[in-house]
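Written below as structure tokens is the structure these notes are about.
In what follows, every chain begins at residue 1, and chains take the letters A, B, ... in the order their sequences are listed.
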Protein chains: 2
Amino acid sequence: MASAIAIADAEGIDAVSIRRVAAELGARAMSLYTHIERKEDLFDLMADEVNAEILVEGELPGDWREAISAIVRRTREVLRRHPWLVDLVSRRPQVGPNGLRHGEQSLAALSRLRIEPEWKWRIIAAVDDYALGFVIREGMRQEGSRGYAWTQAERDALMRPYLREFIDSGEFPNLAPLLADGAPDVEGGDRADDDFERGLRWMLDGIARDLAL
Amino acid sequence: MASAIAIADAEGIDAVSIRRVAAELGARAMSLYTHIERKEDLFDLMADEVNAEILVEGELPGDWREAISAIVRRTREVLRRHPWLVDLVSRRPQVGPNGLRHGEQSLAALSRLRIEPEWKWRIIAAVDDYALGFVIREGMRQEGSRGYAWTQAERDALMRPYLREFIDSGEFPNLAPLLADGAPDVEGGDRADDDFERGLRWMLDGIARDLAL
DNA sequence: CGGAAAATCGATACGCCGTACGGAATGGTG
DNA sequence: CACCATTCCGTACGGCGTATCGATTTTCCG
């Protein structure tokens with residue numbers, strides 16, 4: 001199903017249609033249904049294949065914070081490489097083999113900690129929540145709507161007069177200064193890295209303090 | 001466009017089609033294109049209408065942590081009431097009037113803090129990232145795939161033999177104990193409340209420590 | 001190797017979808 | 001009343017997921 005992934009990488013998940021994938025393979029549409037039962041199954045296969053990329057190779061760092069940071073950074077990288085994955089991740093739990101392996105690896109990152117397994121899971125959930133939210137909002141920022149390929153400048157030009165109206169209305173005393181010089185929504189690439197690391201550190205700090213780790 | 005929202009609430013965002021909404025209104029499909037230009041515009045209108053519900057009425061708590069907690073809790077409530085909103089939120093920035101008002105209110109929650117506006121925005125972004133991720137994973141847990149209405153028990157029954165196979169494989173020493181007694185993915189309703197509050201507290205603690213607030 | 005059984009393929013068709021287009025109706029303004 | 005802009009409506013095009021079914025290929029066993 002590499003063809004399906006290639007299509008999604010290039011044109012987004014909506015471009016992945018049964019007919020399209022079949023054409024890419026030189027087959028007819030209905031032939032795909034010998035391998036899958038519903039289109040959703042195709043998506044599941046795609047997701048699990050890419051979930052394999054999330055697995056961190058080699059030894060995990062011994063320090064638990066470094067270990068889950070490594071995993072979560074890798075998750076972000078993969079989600080940037082395959083932005084359509086967030087559409088699938090947000091639709092259903094990832095319980096394919098590689099999804100489970102990812103869960104296992106996340107737990108392994110905390111294996112040294114002497115706390116109950118439930119708590120390990122809660123830590124992972126909180127960090128994953130943050131990371132998922134960040135990556136979603138990051139992706140949405142950099143491409144606007146997936147599929148509509150406006151450049152940053154074009155969208156900026158369209159948006160500015162619209163935003164100006166609101167700024168001038170005086171209804172947004174706190175927001176206006178931030179909107180004035182380039183929307184804060186659109187920050188450069190390395191800024192995003194800093195933001196990601198900072199939020200992650202905040203979350204981990206809060207966890208460490210609370211659980212005295 | 002209340003009809004469109006009603007459809008989405010009841011059957012998910014995919015059930016919202018131009019023809020369907022038109023029928024609900026006793027009109028023909030093409031008549032809708034008098035008011036909107038593309039289907040996306042309809043989604044934008046729906047999103048902004050619901051974004052209004054996110055706004056916290058009355059005075060915000062004076063304490064900044066309480067204030068943004070109140071906003072974020074309300075966000076979660078609304079996203080539970082209108083689960084389809086996450087599909088729209090994750091596709092494009094919310095810059096409608098009510099989306100902006102929400103941003104303004106979030107900043108207002110931090111107005112007492114004597115830090116630079118950029119830092120306020122970073123705090124809000126981190127908290128929103130966490131909240132968005134949590135709500136997405138929460139919604140995905142409780143309904144599986146939106147549209148496919150399996151009961152919890154049915155999905156459980158289907159899943160168990162599949163998971164058992166992996167548990168017995170021995171490849172998942174850390175994960176297996178958690179999967180054994182009811183997947184940790186599926187926690188009850190009040191548990192979810194606790195989880196949400198705990199993660200939020202962790203994030204806010206980390207922020208407060210780092211910025212000495 | 002021969003033939004039965006199972007898996008795969010192919011074409012066609014149904015009912016959806018978003019929306020381009022062009023004509024008909026409508027309502028407000030001179 | 002005539003004019004014109006806005007709104008409405010029917011039709012049509014190309015694309016979608018997939019049910020059905022006959023034809024073909026592949027696999028397996030005696």
Using atom [atom1] of [X] as one end and atom [atom2] of [N] as the other, report the distance to the nearest whole Å.
X: B/E37; N: D/dT6; atom1: CD; atom2: P; result: 14 Å
X: A/I13; N: D/dG17; atom1: CD1; atom2: P; result: 11 Å
X: B/M30; N: C/dA25; atom1: CE; atom2: P; result: 19 Å
X: A/D41; N: D/dG17; atom1: CG; atom2: P; result: 13 Å
X: B/Y33; N: C/dC21; atom1: OH; atom2: P; result: 13 Å
X: B/H35; N: C/dT19; atom1: NE2; atom2: P; result: 16 Å
X: A/E40; N: D/dT18; atom1: CD; atom2: C1'; result: 14 Å
X: A/I18; N: C/dT12; atom1: CD1; atom2: P; result: 20 Å

Q) Considering only D/dC16, C/dC9, C/dG10, which nucleotide approaches the side chain of A/R28 most closely? A)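 The listed nucleotide nearest to A/R28's side chain is C/dG10.
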(Q) Looking at A/S31, I'd like to know whether one of its side-chain N or O atoms comes within less than 4.0 Å of OP1 or OP2 on C/dT8. (A)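 Answer is no, no contact under 4.0 Å.
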Q. When you check the phosphate oxygens OP1 and OP2 of D/dC8, does a side-chain N or O of B/T34 lie under 4.0 Å from one of them?
A.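 Result: yes.
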Q: Please tell me if the side chains of B/W64 and B/L204 come closer than 4.5 Å, counting only heavy atoms from C-beta onward.
A: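 Answer yes - side chains close enough.
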**Q.** Rounded distance [0.5 Å steps], CD in A/Q94 versus CG in A/N51
**A.**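 So the gap between those two atoms works out to 5.0 Å.
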Q: Run the numbers on B/D44 and B/K39 for salt bridge (Lys or Arg N to Asp or Glu O under 4.0 Å), then give the verdict.
A: CA-CA 9 Å; B/D44 286 346; B/K39 193 190 182 185; over 6 Å; no
Q) Is any side-chain N or O of A/R38 under 3.5 Å from a base N or O of D/dG17, one able to act as donor and the other as acceptor? A)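 Counting by modelled atom types and ignoring angles, no donor-acceptor contact under 3.5 Å is found here.
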Q.
Should the side chain of B/R19 and the base of C/dG18 be counted as holding a donor-acceptor pair, with the cut-off at 3.5 Å?
A.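 Answer is yes: a donor-acceptor pair is held.
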Sequence neighbours left out, cut at 3.5 Å: what donor-acceptor pairs do the side chains of residues 125-133 of chain A make with other protein atoms?
{"unit_1": "A/D129", "atom_1": "OD1", "unit_2": "B/R137", "atom_2": "NE", "d": "2.5"}
{"unit_1": "A/Y130", "atom_1": "OH", "unit_2": "A/D195", "atom_2": "O", "d": "3.4"}
{"unit_1": "A/Y130", "atom_1": "OH", "unit_2": "A/F196", "atom_2": "O", "d": "2.9"}

